[in-house]
Amino acid sequence: MKQRTMFYCTECGNETPKWAGRCPACGSWNTVVERPPETVKGKGRGGTRIISVPRACPVTELGESEEIRFSTGMSELNRVLGGGAVKGSLVLVGGAPGIGKSTLMLQICGRLCEFSKVLYVSGEESQHQLKLRARRLHVESEQLLVLSETGLEEMIQAVSAEKPDILIVDSIQTLFNDALDSPAGSISQVKDCTMALMRLAKGENITVFVIGHVNKEGSIAGPKVLEHMVDCVLYFEGDRHTSFRILRAAKNRFGATNEIGVFEMGDGGLKEVENPSQMLLSGRPEDAPGTCVTCVMEGARPVLAEIQALVVTSSANNPRRTSNGFDYNRAAMLLAVLEKRGGLKLSACDAYLNIIGGLQLDEPAADLAAIVALASSYLDKPVPGDLTAIGEVGLTGELRSVSQLSQRISEVRRLGFSRCVLPVHRGLVPPPGLELLPVRNIGEAIRAALRG
Ligand code: TYD
Ligand code: MG
């Protein structure tokens, strides 16, 4: 039988029966090439192929092999991984360039080297640069091997020669398989290299950490296309201009995904922040109008955040509104509610909203604190230093309850606050030392918060 010629895209690997100037799957130009007819193994040549029938097995009959976890030496990272790294798993660490991915990986090497052999393969930095970085982070050990290499084949050979327990690849976008025609960083390259790393992890029982850059334009094939292939996906987030970093699990085959790890970038690398609320609240002004503290849930963890507002009489026809770390549309809505239901003449004012510490608040529970901060700035009356506000605000100015209230008020108390304005909620028992101020609408909330 005559084999049909197939065409495939060197960018994304999509197969088509007809040649095209532009790949119908990924839209790249001039990437579709002819694939020579494949010789199908095992068929033809007169012989019949003997295949063994795979046997599916009742789940109850399977033996239990415990997943083996080990600590990475950073409790914030362990927490996100679900209690430590799992042996033989493939973990993808994604994040914007410069956020601190290489730093995090090199830093955990220090602890991992104490009980295992680590191979750090970097396609981004030379061995000399890695040495300097390792010295700065104090992770010099004979058990830490560094290799500056971009070839996939060469890397696999180094792995079989050194037999490390842990492999770190920095980054998937620089790794390159010669057998493919597409350039490093293209979708087919990163997919192929990730498959090879998966085989290494499962076949040799090596724990593999892979770094992947994400960028806004998406021009480099990012971790998004790899999410389904790997065991764990962690994203490292934060504002490059502030030192606060959050590590979040987007996928975890061995644990929950609602945990976050908090770090601070400093001169000596990343430092774990065990008490994020305290760090975010440090330096809070006393008795200044226009600031209010709230409690948001970052994953399963309550975190206190300070919302600042500045309301000034506008000189322009179109008053200026900006919000930083707070959803712009949500802020516009709250300003409208405050004007219509709270009776404050905000349409003639410029309004600025800012969340301290580079935190992004995307939870409606922060509404009430934003309202209180705006009103406090408009009326030029400070919110007492021991008061917090939690709650969602509706369009009629009513207050709505939010989830995990008891966890939030415990955190509020733990950080030393003694009063909390919140929606009416039956059966909520405050922790000792915390006075609850239940309110039904924003008018009551502003009166309760700015009373004195
Ligand atoms: P890096 O880990 O190289 O980022 P990525 O691998 O995600 O691209 O971190 C880069 C930034 O971190 C760089 O701007 C400098 C800063 N940094 C520190 O502030 N302190 C340190 O000790 C180190 C190693 C880096
Ligand atoms: Mg890097």
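The first residue in the sequence is number 1, and the count goes up from there.
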Peer 1: Checking the side chain of Ser377 only, and the main-chain atoms of Ala373 only, is there a donor and an acceptor separated by less than 3.5 Å?
Peer 2: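 Flag not set: sc Ser377 to bb Ala373 has no pair under 3.5 Å.
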Peer 1: Quick one: does Asn78's side chain have a donor or acceptor within less than 3.5 Å of a partner on Thr72's backbone?
Peer 2: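 The answer is yes, because a donor-acceptor pair under 3.5 Å joins these two groups.
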Peer 1: For Glu411, is there an ion pair with Arg301 - N to carboxylate O distance below 4.0 angstrom?
Peer 2: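 Glu411 and Arg301: not salt-bridged.
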Peer 1: Taking only residues two or more places apart in sequence, or in another chain, which ones meet Glu435 in a salt bridge (charged side-chain N to carboxylate O under 4.0 Å, His left out)?
Peer 2: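 Once residues adjacent in sequence are excluded, Glu435 has no partner under the salt bridge (charged side-chain N to carboxylate O under 4.0 Å, His left out) criterion.
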Peer 1: Would you call Phe417 and Leu281 a side-chain contact if the rule is heavy atoms closer than 4.5 Å?
Peer 2: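 Answer yes - side chains close enough.
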Peer 1: Test your reading of the model: is there a side-chain donor-acceptor pair from Lys271 to the backbone of Gly266, 3.5 Å cut-off?
Peer 2: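 Looks like no, no N/O pair under 3.5 Å.
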Peer 1: Donor-acceptor check, side chain of Asp287 to backbone of Gly385, threshold 3.5 angstrom: yes or no?
Peer 2: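 Not a single qualifying donor-acceptor pair exists.
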Peer 1: Does a donor on one side chain and an acceptor on the other come within less than 3.5 Å for Thr396 and Glu398?
Peer 2: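 Indeed, the side chains of Thr396 and Glu398 share at least one donor-acceptor pair under 3.5 Å.
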Peer 1: Looking at Val146, is its backbone amide N or carbonyl O close enough to the side chain of Gln127 to form a donor-acceptor pair, meaning the two atoms are under 3.5 Å apart?
Peer 2: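 Side chain of Gln127 to backbone of Val146, a donor-acceptor pair under 3.5 Å: yes, one is there.
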Peer 1: Glu306 and Thr291: side-chain donor and acceptor closer than 3.5 Å?
Peer 2: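 Judged by distance alone, the side chains do pair up.
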Peer 1: Are Pro302 and Leu304 close enough that some pair of their side-chain heavy atoms sits under 4.5 Å apart?
Peer 2: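 No, their side chains stay 4.5 Å or more apart.
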Peer 1: What's the shortest heavy-atom distance between Arg419 and Pro384, and which atoms?
Peer 2: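 Where Arg419 meets Pro384 most closely, the heavy atoms are NH2-CB, 3.4 Å.
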Peer 1: Apply side-chain contact (heavy atoms from CB on, under 4.5 Å) to Arg413 and list each qualifying residue two or more places apart in sequence or on a separate chain.
Peer 2: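 Ser418, Pro431, Leu434.
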Peer 1: Keeping Tyr378 on the side-chain end and Lys345 on the backbone end, is there a donor-acceptor pair under 3.5 Å?
Peer 2: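 The answer is yes, because a donor-acceptor pair under 3.5 Å joins these two groups.
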Peer 1: I need the minimum non-hydrogen distance between Thr174 and Gly123, along with the two atoms involved.
Peer 2: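 For Thr174 and Gly123, the tightest heavy-atom pair comes out as OG1-CA, 3.6 Å.
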Peer 1: So do Glu237 and Ile99 actually touch side chain to side chain, heavy atoms under 4.5 Å?
Peer 2: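 No - every pair of side-chain heavy atoms lies 4.5 Å or more apart.
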Peer 1: For Arg408, which residues count as a salt bridge (charged side-chain N to carboxylate O under 4.0 Å, His left out) partner, sequence neighbours excluded?
Peer 2: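 For Arg408 the salt bridge (charged side-chain N to carboxylate O under 4.0 Å, His left out) partners, ignoring immediate neighbours, are Glu363.
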